[in-house]
Number of protein chains: 2
Amino acid sequence: MSVQQPKFELRDEDELSLDLIEAQYALKDSQDKKNAKSVLILVSGIELAGKGEAVKQLREWLDPRYLRVKADAPRLLTTYQTFWQSYTRFIPAEGQIVVMFGNWYSDLLSTAMHVSKPLDETLFDAYIDQMRSFEHDLQHNNVHVVKVWFDLSWKSLQKRLDQIDASEQHWHKLHGLDWRNKKQYDTLQELSQRFTDDWFVIDGEDEALRDQCFAQYILQTLQELPDHQTKVTEKWQQAQIPTALLEPSKQSLDKDDYKEELNKLTKKVADALRYDERKVIVAFEGMDAAGKGGAIKRIVKKLDPREYEIHSIAAPERYELRRPYLWRFWNKLNDGGKITIFDRTWYGRVLVERIEGFASVVEWQRAYNEINRFEENLVDSQTVIVKIWLAISKDEQEVRFKDREQTPHKRFKITEEDWRNRDKWDDYLKAAADMFERTNTDYAPWYVIATDDKNTARIEVLKAILKQLKAD
Amino acid sequence: MSVQQPKFELRDEDELSLDLIEAQYALKDSQDKKNAKSVLILVSGIELAGKGEAVKQLREWLDPRYLRVKADAPRLLTTYQTFWQSYTRFIPAEGQIVVMFGNWYSDLLSTAMHVSKPLDETLFDAYIDQMRSFEHDLQHNNVHVVKVWFDLSWKSLQKRLDQIDASEQHWHKLHGLDWRNKKQYDTLQELSQRFTDDWFVIDGEDEALRDQCFAQYILQTLQELPDHQTKVTEKWQQAQIPTALLEPSKQSLDKDDYKEELNKLTKKVADALRYDERKVIVAFEGMDAAGKGGAIKRIVKKLDPREYEIHSIAAPERYELRRPYLWRFWNKLNDGGKITIFDRTWYGRVLVERIEGFASVVEWQRAYNEINRFEENLVDSQTVIVKIWLAISKDEQEVRFKDREQTPHKRFKITEEDWRNRDKWDDYLKAAADMFERTNTDYAPWYVIATDDKNTARIEVLKAILKQLKAD
């Protein structure tokens with residue numbers, strides 16, 4: 001996918017500014033409306049090619065109150081952190097524009113150029129693929145991504161280096177590369193060839209034109225933002241509902257056996273979670289009253305609260321709705337520690353949001369792959385994901401609902417909404433079936449656990465965690 | 001201020017749970033209402049005294065979806081970070097309850113116990129004072145702070161250490177202290193005496209009573225949340241409006257002199273900002289059209305956008321309004337880098353919020369000291385704060401407003417609201433006068449700069465920065 005390189009000519013600055021501001025306000029006004037978008041501008045390129053100046057100039061032409069420029073020095077990519085992790089907090093909300101000066105590409109380039117441990121080509125290209133997929137998913141979630149590369153010839157770069165003063169030169173040097181080194185320059189140019197075909201490339205030679213090219217390209221982008229996709233292209237193939245969901249096993253355990261087994265397993269799980277070198281995410285889904293709370297309680301039984309965090313996921317807040325649906329999970333993981341437990345998860349997108357129509361058909365159908373990529377990125381970054389579906393029978397749910405209604409201190413656990421969800425039982429089964437079929441990956445498989453017998457379920461949950469950690 | 005230590009007896013668990021949930025829902029329902037509150041529970045104490053168990057139990061008795069437990073291993077306090085910096089992101093919003101297991105006190109204790117570099121008593125007590133002030137300010141901003149200390153005798157601690165298995169023992173050891181060391185235990189007990197008189201202290205001896213004491217104390221807290229303070233205690237002393245505000249100087253500069261001076265100063269400022277070892281915050285306030293944007297442009301002229309971040313502060317969003325007014329600034333500083341520029345600031349509390357009535361009289365009158373403490377904490381943590389008020393005359397503002405109205409690409413800069421604010425000119429002058437009198441501190445003084453002549457103003461802004469950095 002290569003970007004068409006538009007040609008721009010110098011325009012009257014005041015008129016350009018006026019057009020930019022109008023486009024910016026139109027974007028801003030889209031917030032909370034049907035075609036709401038945000039714009040994320042990634043800026044990278046050769047040092048001294050003028051990207052800094054161009055961004056400063058754009059800031060002056062726009063209303064700076066609604067433009068955020070996020071600029072960080074490059075971070076080296078590591079195997080224990082996803083490339084997007086440091087940046088997701090700054091993904092713009094609907095109506096906003098964010099310029100990311102430091103971004104995953106500058107991190108990748110720095111890593112690849114890092115002399116003591118250079119990145120090999122296969123890994124480099126694999127990163128590029130992942131980054132493009134991530135941006136693709138952002139686009140689909142209404143974050144329009146624009147990538148602009150500022151280029152500069154070796155000769156001009158050297159001339160500019162001659163002209164800047166010592167302090168600036170020192171600062172630029174600190175930022176990773178020796179721009180006096182021809183071999184490094186050539187390597188960087190070679191590397192950039194490997195991914196800039198979907199970037200808008202600006203030649204930094206002509207300073208006035210450079211700033212205008214950048215601004216005019218952003219203007220064009222703002223004016224031509226695509227509508228949200230609404231058409232579904234393929235006919236949906238409903239997956240068959242697994243027997244494990246239709247008729248969950250009711251096999252029960254002897255009480256003494258349960259106690260002994262539980263005691264043994266809670267210790268084993270605590271050790272496995274504690275001493276695994278990777279981060280661990282345990283993700284629970286299932287019908288209401290399937291026993292998620294009770295299962296979580298047993299997982300953390302022998303752990304200290306400083307060792308884990310539990311997130312109970314409720315409906316998203318308005319400011320969260322203005323970002324990609326994964327945004328609130330990205331951020332929870334960023335703030336998190338070694339062990340994170342989710343009582344309901346990002347799978348809400350293909351369960352409740354699908355069924356209630358909060359996500360459009362195109363959106364939830366697209367979400368399976370988005371979620372798979374999200375999880376794959378995490379697993380590739382030293383994280384184990386244990387996904388557990390607690391399967392309850394419809395009869396047993398009714399028993400538990402009624403028990404909740406009749407027990408004062410449990411009454412908060414049951415609302416009209418739970419009964420309404422129960423009416424949609426078959427829809428949920430279908431949605432779950434589709435979910436299993438499409439997100440039961442090698443790197444993050446689903447564990448479907450029958451919960452009509454609570455004790456058996458709790459034991460099985462602990463075993464699933466051990467299995468996924470390869471500690472059983 | 002010592003906390004009265006209530007006595008609790010064992011209650012029926014289901015009834016206790018029911019009461020807790022009711023109190024929790026009442027808190028939750030207060031969101032966006034007049035008496036909205038949030039509750040922040042700080043938990044610390046002797047290892048194995050059962051704080052982890054008590055928190056886990058509380059989580060089971062409450063609705064876990066609306067209780068967040070944030071637990072971190074202790075961090076050592078440093079001289080280049082405020083003690084609250086790692087925690088402000090997790091300050092609860094109205095209606096929420098957050099338990100902070102790791103908190104500023106555990107950090108302080110760890111730091112004080114750190115063998116190679118123990119903290120001296122004066123510094124320890126100074127930290128305690130600061131922490132209490134910070135909590136006091138949180139309380140006033142509707143975050144009710146509860147502190148619970150779990151105590152355990154040396155004998156019982158040793159007995160419990162004998163009973164836990166190797167893995168747990170190892171984990172507890174990793175958390176800072178050797179709990180087998182009597183001397184360390186005694187030191188910790190001594191240290192804790194220095195600050196726990198305003199804590200609710202729970203004896204960890206009796207396990208069942210311990211969990212109930214904790215839960216019942218939280219219940220009592222939830223049931224007895226104080227109303228928001230509305231009465232103003234003292235008569236307000238309006239400060240005299242400084243001449244510099246009433247009649248800003250119109251002194252102008254020769255154009256050539258300006259260019260030369262500007263060129264020299266922008267370089268000097270870039271170097272000073274770049275090479276100062278501290279972080280730098282430049283904070284702008286002033287009437288509309290006073291030239292904040294133009295001044296900022298000159299500050300960053302010789303800097304690369306990766307070296308600084310600019311925040312243009314607009315009205316707070318709803319989710320921000322549910323937290324203390326400083327919350328959004330805390331977080332911006334947490335995410336920030338070395339140089340941060342604010343186009344409008346936290347002083348909005350005592351300017352626009354005072355004048356428009358968004359803050360109550362008690363609230364804005366209290367804000368001066370809150371802001372002073374906020375800035376003092378930052379300055380104590382290797383941060384320079386340069387506060388600049390751009391003073392424009394009322395006539396010159398009119399000229400600039402009209403120019404904005406008549407220039408298409410500047411029209412976005414002028415709205416009906418600006419004209420309405422202009423009608424309140426005298427109120428703003430009074431508010432500014434009070435602000436100077438009460439927040440012009442040694443560690444963060446105000447620079448009032450006349451801006452009727454834009455060029456002079458820009459030069460003076462650069463000089464002010466150099467002066468505050470002691471680089472002039």
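The sequence lines fix the lettering, A, B, ..., with proteins before strands; numbering per chain opens at 1.
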A.B. asks: Charged N to carboxylate O below 4.0 Å: is that the case for B:R322 and A:E317?
C.D. replies: yes

A.B. asks: Kindly confirm or rule out a cation-pi arrangement of B:K28 over B:Y66, judged by NZ or CZ under 6.0 Å from the six-membered ring centre and within 45° of its axis?
C.D. replies: yes

A.B. asks: Can you tell which part of B:L67 gets under 4.5 Å to a heavy atom of chain A, answering side chain, backbone, both or neither?
C.D. replies: neither

A.B. asks: Which distance, rounded to the nearest 0.5 Å, do you find between the NZ of B:K332 and the OG1 of B:T345?
C.D. replies: 12.0 Å

A.B. asks: Check the side chains of B:Y87 and B:D72 for a donor-acceptor pair under 3.5 angstrom, ignoring hydrogens and angles.
C.D. replies: no

A.B. asks: Could you tell me the separation between the CD1 atom of B:I97 and the OG atom of B:S38, rounded to the nearest 0.5 Å?
C.D. replies: 9.5 Å

A.B. asks: Select one option (side chain, backbone, both, neither) describing which atoms of B:L48 are under 4.5 Å from chain A's heavy atoms.
C.D. replies: neither

A.B. asks: Once you round to the nearest 0.5 Å, how far does CD1 of B:I341 lie from CD1 of B:I296?
C.D. replies: 6.0 Å

A.B. asks: Would you mind telling me which of B:K301, B:R59, B:K413 has the largest number of heavy-atom pairs within less than 4.5 Å of chain A?
C.D. replies: B:R59

A.B. asks: Among B:K302, B:R89, B:R318, which residue has the highest count of heavy-atom pairs closer than 4.5 Å to chain A?
C.D. replies: B:R89

A.B. asks: For the pair A:L273 and A:I299, evaluate side chain to side chain contact (heavy atoms under 4.5 Å, CB included) and give the outcome as yes or no after the intermediate values.
C.D. replies: CA-CA 10 Å; A:L273 290 169; A:I299 296 174; 4.1 Å; yes

A.B. asks: Count the heavy-atom pairs under 4.5 Å between each of B:H311, B:R68, B:R344 and chain A, then report the option with the highest count.
C.D. replies: B:R68

A.B. asks: Stepwise, does the side chain to side chain contact (heavy atoms under 4.5 Å, CB included) test hold for A:V269 with A:L466?
C.D. replies: CA-CA 6 Å; A:V269 162; A:L466 291 175; 3.8 Å; yes

A.B. asks: Looking at A:G294, A:P305, A:G293, which one has more heavy-atom pairs under 4.5 Å with chain B than the rest?
C.D. replies: A:P305

A.B. asks: Which atoms of A:D63 come close to chain B, meaning under 4.5 Å heavy atom to heavy atom: side chain ones, backbone ones, both, or neither?
C.D. replies: both

A.B. asks: Under a 4.5 Å cutoff for heavy-atom pairs, which residue among B:V300, B:T407, B:D343 has the most contacts with chain A?
C.D. replies: B:V300

A.B. asks: May I ask you to name which of A:V55, A:I313, A:I310 has the most heavy-atom pairs under 4.5 Å with chain B?
C.D. replies: A:I310

A.B. asks: Report, by ascending residue number, the residues of residues 11-19 of chain B in heavy-atom contact with chain A at a distance under 4.5 Å; give 'none' if the set is empty.
C.D. replies: B:D14, B:S17, B:L18

A.B. asks: For A:I164, is it the side chain, the backbone, both, or neither that has a heavy atom closer than 4.5 Å to a heavy atom of chain B?
C.D. replies: neither

A.B. asks: Please test B:I414 against B:D403 for side chain to side chain contact (heavy atoms under 4.5 Å, CB included), starting from the C-alpha separation and ending with a verdict.
C.D. replies: CA-CA 10 Å; B:I414 177 90; B:D403 174 59; over 6 Å; no

A.B. asks: Which heavy-atom pair separates B:P408 from B:Q406 by the least distance, and what is that distance?
C.D. replies: CD-O, 3.6 Å

A.B. asks: Heavy-atom pairs under 4.5 Å with chain A - which of B:Y308, B:F90, B:F101 has more of them than the others?
C.D. replies: B:F101

A.B. asks: Between A:R65 and chain B, with a heavy-atom cut-off of 4.5 Å, which part of the residue counts as in contact: side chain, backbone, both or neither?
C.D. replies: both

A.B. asks: Donor-acceptor pair, B:Q31 side chain versus B:E94 backbone, under 3.5 Å?
C.D. replies: yes

A.B. asks: Please check if the number of heavy atoms outside B:E277 that lie under 6.0 Å from its CD is greater than 12.
C.D. replies: no

A.B. asks: Can you tell which part of A:I21 gets under 4.5 Å to a heavy atom of chain B, answering side chain, backbone, both or neither?
C.D. replies: side chain

A.B. asks: Counting only heavy atoms closer than 4.5 Å, note whether B:K410 contacts chain A via side chain, backbone, both or neither.
C.D. replies: neither

A.B. asks: Checking B:E22 against chain A: side chain, backbone, both or neither under 4.5 Å from a heavy atom?
C.D. replies: neither

A.B. asks: Between A:R274 and A:E307, is the closest basic N to carboxylate O distance under 4.0 Å?
C.D. replies: yes

A.B. asks: Quick one: do B:F412 and A:Y25 satisfy side chain to side chain contact (heavy atoms under 4.5 Å, CB included)? Show the steps, please.
C.D. replies: CA-CA 9 Å; B:F412 79 95; A:Y25 274 65; 3.6 Å; yes

A.B. asks: Which atoms of B:R411 come close to chain A, meaning under 4.5 Å heavy atom to heavy atom: side chain ones, backbone ones, both, or neither?
C.D. replies: neither

A.B. asks: Relative to chain A, which segment of B:V43 carries a heavy atom at a distance below 4.5 Å: side chain, backbone, both, or neither?
C.D. replies: neither

